[in-house]
Protein chains: 2
Amino acid sequence: MSNSTPATIEDVARIANVSIATVSRAIHMPEKVANSTRLKVNQAIAITGYTTNAMARSLRLGRSNMILVVAPDIGDPNFSNILIGLENEARSHGYGILIGHTQNDAQRGLEYLKFLNSNQAAGLILFTGILPFGHQTMTARLPPSVGVFEPVFNGGIPYVGVDDIAGARKVVDLLIAEGHRKIAFIGDSRTRLAYSRRRMGYEAGMDAAEIGAGLRIVFEGDGTIESGRLAVEQLFMRDTLPSAFMCVNDQTAIGVMIGLKARGYDIPGDFSVTGFDDVPQAVFMSPSLTTIRQPRTAIGKQAMALLLELLSDGEPPETEILLLPDLVVRNSVSAPSRARR
Amino acid sequence: MSNSTPATIEDVARIANVSIATVSRAIHMPEKVANSTRLKVNQAIAITGYTTNAMARSLRLGRSNMILVVAPDIGDPNFSNILIGLENEARSHGYGILIGHTQNDAQRGLEYLKFLNSNQAAGLILFTGILPFGHQTMTARLPPSVGVFEPVFNGGIPYVGVDDIAGARKVVDLLIAEGHRKIAFIGDSRTRLAYSRRRMGYEAGMDAAEIGAGLRIVFEGDGTIESGRLAVEQLFMRDTLPSAFMCVNDQTAIGVMIGLKARGYDIPGDFSVTGFDDVPQAVFMSPSLTTIRQPRTAIGKQAMALLLELLSDGEPPETEILLLPDLVVRNSVSAPSRARR
DNA sequence: ACTCCATATGTAAAGGTTTACATAGCATGG
DNA sequence: CCATGCTATGTAAACCTTTACATATGGAGT
């Protein structure tokens, strides 16, 4: 039974007393095979413990059953949850996932391009806004691909992300509902498209509440902790201080909180602070951070579903799928302090 | 150049004016080929942009260049850092990594077993202490495998982990150096072998300091936050309270801290608390947690290196590799309070 | 009874590699 | 000058599938 060398389709055929073609058909197109024959084949498969040799199959078919997932950094805690969504969806359709990380290094990217060229992956999931294949990007013959989080610069590649405008709108609406009017947006319009969209959500919310430009304060940072701290420093040099800091992401919010605490202020007593992303530590901060949760597993699932559709249909059903993220209310927001109102 | 269908070895052979065998040799056994010929072949490869079709190669060779990594939960933040180590090491040897997660579900495990049987992976990395293939485990024909973190129950499978005894010893030595003598160990001897070893480290440290059994307090939990909280409740019902809680892992330590805070105690003022693992949030807790850092990336790298060695040699060079983990001193430990000394 | 068609199965080629074996060329040693 | 052996290359088989095409079987329609 459990021989040294795995059973092949031929072993099955011999035992079932049919040809290998029939075995193949019994497996992949059962309706094309007589009931009685299918039974014999299934028995033979059970006896031999046969499983299709994926290598041979992929070779014959000209495509593999693997999806390559490329991220700049697989150590990113964001990544692993998306991975779950990706993996579940892939596996339930008979695909496996292959992972690679580039650390934004073109040389590494190139190695993954080789992977693709050597037919090892039928599709590609990209976590980066830029094709990571250096100067060969232009001539690269890519398999069906989809982006995660951000549109992929340069390619007609569909992507799955989050509705950043709507998410930011939820935040600003909360702050306004709490009574804030002087709301600072600590942003970053350069790095990622998503960040610009969050700014748009902020502006839309302020518009809707008819809060004039005079009360809007926008600081351009770069999405890092340090830039949050810096924003506080700069804003304290002006005369009009906000009562709330709406940050483009959680990193920035952490920086802002560090800055405010360093000056001896209480959060949310003196200032309210919000983030965006819901990084894992957001819940452990003190105060815990009110933020927007990225539906990571759902994003992964959707992205993979889209890719699989692409793989079978050829045509992208839609070029952009935006999921609506949820507001997570914690303890970093309250009504504006008397002094700041 | 960039034709619709990828170049094959035959295209290269035609252009270089040699046989396909020579091309293959020029690529994989360059020393077997005349210099002049090798040059011609390399030029032809450059012209055609040829890359070896991995499917065909794996089929012919009877083994793939993929390593399957199976973990109970790839969303675990521990996981992603180890993944980096695994991936780097694998890639630098021409292997790719395939990931799967079982959620401790035998059905899922079985699907990965199919993966293996269908020759899609040359080796296996296991994050679980038990072969995740349900009842088929016994008859499963596994490729070379290595475990991560824990020995794999049941198989003669080498593994890479951390020296838990030495790690625990570092913790207890620190506590003793701070002046503690009544040190409670909040443990879990059932779930994981690693946890029993940490207990051994504790006992060894107490022995070395000649602290008698009378001063040792051991609570058997199950490694969860809740069990840490429970330990506090139980211990407060006894008459001899410890001055320090040495926890078998960070989860337990979190629970202990919750329990102590609920009773209004200050950490480390009233009681010292230590963990083990250095989970990402350990640094964000208040007070930040003194604990043992798992060298995750290094573990991943070592595990993959061991597997690759297995793959080429056939013989495991050693059956257990233990890395020495570092103590991370933060703010949850101080000298014992007067009252508890 | 004969033709035709549908259904079920078989035969063989093709997919791209690697490699055992065969061959050719050439130098070395007698 | 021939036998021998070494080096470089070529030929063809094998790895395991899938599937176009061919064939066989049986039933329906005339």
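It should be emphasised that the depicted structure is a prediction, and the values quoted were computed from it without experimental measurement. Protein chains get the first letters and strands the later ones, always in sequence-line order, with residue 1 at the start of each.
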To the nearest Å, how far apart are [X] [atom1] and [N] [atom2]?
{"X": "R63(B)", "N": "dC15(D)", "atom1": "CZ", "atom2": "C1'", "result": "13 Å"}
{"X": "M55(B)", "N": "dT17(D)", "atom1": "CE", "atom2": "C1'", "result": "13 Å"}
{"X": "E10(A)", "N": "dT17(D)", "atom1": "CD", "atom2": "C1'", "result": "11 Å"}
{"X": "M29(A)", "N": "dT18(D)", "atom1": "CE", "atom2": "C1'", "result": "9 Å"}
{"X": "I27(A)", "N": "dT18(D)", "atom1": "CD1", "atom2": "C1'", "result": "11 Å"}
{"X": "N53(B)", "N": "dC16(D)", "atom1": "CG", "atom2": "C1'", "result": "14 Å"}
{"X": "R38(B)", "N": "dT9(D)", "atom1": "CZ", "atom2": "P", "result": "10 Å"}

Q) Do the side chain of S58(B) and the main chain of M55(B) share a donor and acceptor less than 3.5 angstrom apart? A)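 Judged by distance alone, no pair lies under 3.5 Å.
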
Which part of the nucleic acid does [X] contact within heavy-atom distance under 4.0 Å: base, sugar-phosphate only, or nothing?
{"X": "T8(B)", "value": "sugar-phosphate"}
{"X": "A21(B)", "value": "base"}
{"X": "I20(B)", "value": "base"}
{"X": "L61(B)", "value": "sugar-phosphate"}

Atom of [X], atom of [Y] and distance for their closest heavy-atom approach:
{"X": "M66(A)", "Y": "I97(A)", "result": "SD-N, 4.4 Å"}
{"X": "P144(A)", "Y": "L307(A)", "result": "O-CD1, 3.3 Å"}
{"X": "L68(B)", "Y": "L116(B)", "result": "CD2-CD2, 3.9 Å"}

Q: Take E31(B) and R57(A), find for each the nucleotide of DNA chain D with the closest heavy atom, and name the residue whose nucleotide sits nearer the 5' end.
A: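 Per heavy-atom nearest nucleotide, the more 5' residue is E31(B).
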
Q.
Quick check on DNA chain D: between N17(B) and S24(A), whose nearest nucleotide comes earlier from the 5' end?
A.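 Its nearest nucleotide being more 5', the pick is N17(B).
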
(Q) Would you say Y159(A) and E320(A) are linked by a side-chain donor-acceptor pair, where the criterion is simply a distance under 3.5 Å? (A)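 Result is yes, a qualifying pair exists.
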
Q | Side-chain donor-acceptor contact under 3.5 Å, H93(A) with N65(A) | A |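 No pair is found: no donor N or O on one side chain lies under 3.5 Å from an acceptor on the other.
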
Q) Atom CD1 of I157(A) and atom OG of S145(A): how far apart are they, to the nearest 0.5 Å? A)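 Answer for the CD1-OG pair, I157(A) versus S145(A), is 4.5 Å.
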
Q: Heavy atoms of chain A, cut-off under 4.0 Å: which first and last nucleotide of DNA chain C, 5' to 3', fall inside that, if you could look?
A: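 The contacted stretch runs from dA8(C) to dG16(C).
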
Q: Could you work out which one of dT18(D), dT9(D), dC15(D) sits closest to the side chain of T37(B)?
A: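 Among dT18(D), dT9(D), dC15(D), the one nearest the side chain of T37(B) is dT9(D).
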
